[in-house]
Amino acid sequence: MRSPSPETETVVAERADVVSLLQTLVRHDTTNRAPGDAEGELAAATWIHDLLAEAGLEPVLLARDDAPHRANVVVRVPGTDPSLDGLLVHAHLDVVPAEPEQWSFDPFGGDVVDGYVTGRGAMDMKDMCAMTLSVLLDWAASGERPRRDVVVAFVADEETDGAYGAQWLVEAHPELFAGVTVGIGESGGVVESHVGADGSPVRLARIAAGERGTLHLRLTATGTSGHASRPTEGGAVLALVDALHRIGHHDWPLHVSPLVRAQLEQTAAALGHKADLTTDDGVMRTIAELGDAADVAMFTVRASTTPTVVRAGYKVNVIPGVAEAEIDVRCPPGFEDELLAALPALVGDGVAFEHSVREPSVQAPIDGPWFEAMVASVQHVDPSAVVVPGCLGGGTDAKAFSLLGIACYGFAPATVDPDGRRRSGIHGVDERVPVSSLLGGREILGHFLATV
């Protein structure tokens, strides 16, 4: 890490403003429409790379040879104590598509409107990119260093499968993460206001310490093609439809993992409810009583198998010889063996299946110093906040980085807006984050990275 020149320090400090950084990031259209299609990632990554390099850091710009426009930036800030384990901060640059005609403002305008920073990615997850950049630039301007090595990865392609981002970095450049044992990324650490059982307000934040596994399926049914006016017994389409009906309507049993159990028990205690997790009815009743405070627990207490794509036929009077489908499969921590054992019977005879994606669930400890440090940083900024563990229903780049033995948490913090504004629009319309929540999140993140 080079020391910036005196004349550079003022410029670096000015550029560290988290609101301005987020506005600039939103104005980079990094829409990820399909594998291999996210042209704006290179421009955004290059801007970050140059900003960090000018500040005296030593970032590297990396992309696959077959997709130079799908760029990633990785930078390591050496800690003052090299004996300590390293920490990873990862945040993705790509965003899902936006339909401008449905929005009240320009999805890529990055404007500040009514106390919000607006635009696609403001919540998912360019806010975390901006907060992390702000911390790095502040360190560069002040000469401050963290206690331990901090590796920051701004990655491409999270909104598809990470083949050009985290997955590729893990496979092609694992040396960049040498010495790192813990990572933080999206979906956690956001303080929200809820109503307790007695009607009093309760501030609650969840730190994601796990994710359901992703085990997507591709089904293929085969039969004999023929004239539709002369149908024969069975056929590819009917075999596939029968399989999809069995899988899509299967009533998966409840499986309350220790992580989700801790989430429900601690959330109920914070809100003054009594958690009954001794029976299936009690679990569902507890989740219902907690409402929004339960987050996605309705889905993380059981597996889900959801048919999403079907392909068959090309002409109405021709019986197709092949029919294919894809199924989104999600698995709670600790339930994978049971799910895999049940699949063959659900698919049935005459239909072949394979996993198009097979990423086991991930979990990280909730009873150690890393989790405690995140709790302390949230409460440093908001002493009234109650912090509980949580489990994500979907997936993030944590699944890729966990392959390196890194314990990954969802910790991209934000605070409650004092005027009641709320973060909203993720993967939807009019995505936006309150300025005050962004500033509070930046304070939490800065405290954590400086003290952990």
Side-chain angles (χ1 to χ4, degrees), residues 30 32 34-38 41 44-45 48 59-67 69-76 85-96 121 124-126 128-129 132 149-188 207-216 259 328-333 336 355-365 370 390-412:
T30 55
N32 190 344
D37 180 15
E41 285 172 336
I48 290 173
V60 290
L61 189 68
L62 299 156
R64 280 173 34 171
D65 291 340
D66 61 343
H69 58 291
R70 308 300 303 273
N72 307 267
V73 181
V74 180
V75 62
R76 180 183 288 258
D85 291 340
L87 170 70
L88 169 67
V89 182
H90 61 94
H92 64 84
L93 296 173
D94 62 321
V95 298
V96 297
D124 183 19
M125 62 174 303
K126 291 181 175 179
M128 181 61 167
C129 294
T132 305
D149 281 13
V150 173
V151 178
V152 178
F154 300 96
V155 302
D157 197 32
E158 190 274 345
E159 295 293 359
T160 303
D161 57 9
Y164 300 91
Q167 286 283 0
W168 174 72
L169 287 172
V170 165
E171 294 168 2
H173 295 282
E175 73 282 354
L176 294 174
F177 310 100
V180 171
T181 60
V182 171
I184 61 170
E186 67 180 310
S187 297
I207 295 171
E211 300 179 0
R212 284 199 299 177
T214 303
L215 299 96
H216 296 339
L259 172 59
D328 183 297
V329 180
R330 309 288 173 148
C331 180
E336 184 173 336
H355 289 280
S356 56
V357 175
R358 186 166 178 178
E359 298 175 339
S361 60
V362 296
Q363 294 186 82
W370 291 97
C391 181
L392 299 182
T396 73
D397 282 332
K399 286 189 172 66
F401 290 116
S402 67
L403 297 175
L404 296 176
I406 298 173
C408 292
Y409 296 90
F411 189 64

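What you are looking at is a predicted structure, and each value in this text was computed from that prediction instead of being measured. The first residue in the sequence is number 1, and the count goes up from there. The figures that follow rest on heavy atoms only: side chains count, while hydrogens, waters and symmetry mates do not.
The CZ atom of Arg212 sits 13.5 Å away from atom CD of Glu359, with the distance rounded to the nearest 0.5 Å. Here the straight-line distance linking atom CG of Asp397 with atom CD of Glu159 works out to 9.0 Å at 0.5 Å rounding. In this structure, CG in Asn32 is found 6.0 Å from CD in Glu41, a value given to the nearest 0.5 Å. Note: Thr181 OG1 to Leu404 CG = 12.0 Å, rounded to the nearest 0.5 Å. In this structure, the separation between CD1 on Ile207 and CD1 on Ile184 is 10.0 Å, given to the nearest 0.5 Å. Rounding to the nearest 0.5 Å gives a distance of 4.0 Å between NE2 of His92 and CG of Asp124.
Nearest heavy-atom pair across Tyr164 and Asn72 is O-ND2, 3.1 Å. Of all heavy-atom pairs between Leu215 and Cys331, the closest is CD1-CB, 3.5 Å. Here the closest non-hydrogen pair linking Gly183 and Ile406 is N-CG2, 3.4 Å. Across all their heavy atoms, Ala153 and Phe177 have their closest contact at CB-CE2, 4.4 Å. Minimum interatomic distance between Val362 and Ser402 (heavy atoms only, all atoms of both residues): CG1-OG, 3.4 Å. Considering every non-hydrogen atom in both Ala45 and Val73, the closest pair reads O-CG2, 3.2 Å.
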**Report entry** Residue pair Thr30, Lys126: steps toward the side chain to side chain contact (heavy atoms under 4.5 Å, CB included) verdict
**Finding:** CA-CA 10 Å; Thr30 55; Lys126 291 181 175 179; 3.0 Å; yes

Query raised in the report: Given the rule in the side chain to side chain contact (heavy atoms under 4.5 Å, CB included) test, do Gln167 and Asp157 qualify, once you have shown the distances and angles that lead to the verdict?
Result: CA-CA 9 Å; Gln167 286 283 0; Asp157 197 32; over 6 Å; no

Requested in this report: Verify side chain to side chain contact (heavy atoms under 4.5 Å, CB included) between Val150 and Val89, making sure each step is shown before the conclusion.
Outcome: CA-CA 7 Å; Val150 173; Val89 182; 4.2 Å; yes

Query raised in the report: Going through the checks in order, is the side chain to side chain contact (heavy atoms under 4.5 Å, CB included) test met by Leu62 and Val74?
Result: CA-CA 8 Å; Leu62 299 156; Val74 180; 4.2 Å; yes

Requested in this report: Show your reasoning for whether side chain to side chain donor-acceptor pair (under 3.5 Å) applies to Glu336 and Ser361.
Outcome: CA-CA 8 Å; Glu336 184 173 336; Ser361 60; 5.6 Å; no

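No option in Gln363, Lys399, Arg330 other than Lys399 meets the side chain to side chain donor-acceptor pair (under 3.5 Å) test with Glu211.
Under the 30°/60° scheme for interplanar angles, the aromatic rings of His90 and Phe401 are found to be tilted.
Inter-residue side-chain proximity for Leu93 and Cys129 is flagged as met; some heavy-atom pair is nearer than 4.5 Å. Using a 4.5 Å heavy-atom threshold, the side chains of Glu158 and Asp94 count as touching.
Looking at Tyr409, its side chain never comes within 3.5 Å of a backbone N or O of Ala398 through a donor-acceptor pair. Under the 3.5 Å distance criterion, the side-chain polar atoms of Arg70 are left unmatched by any main-chain donor or acceptor of Gly165.
Under a 4.0 Å N-O distance rule, the pair Glu171/Arg64 does not qualify as a salt bridge.
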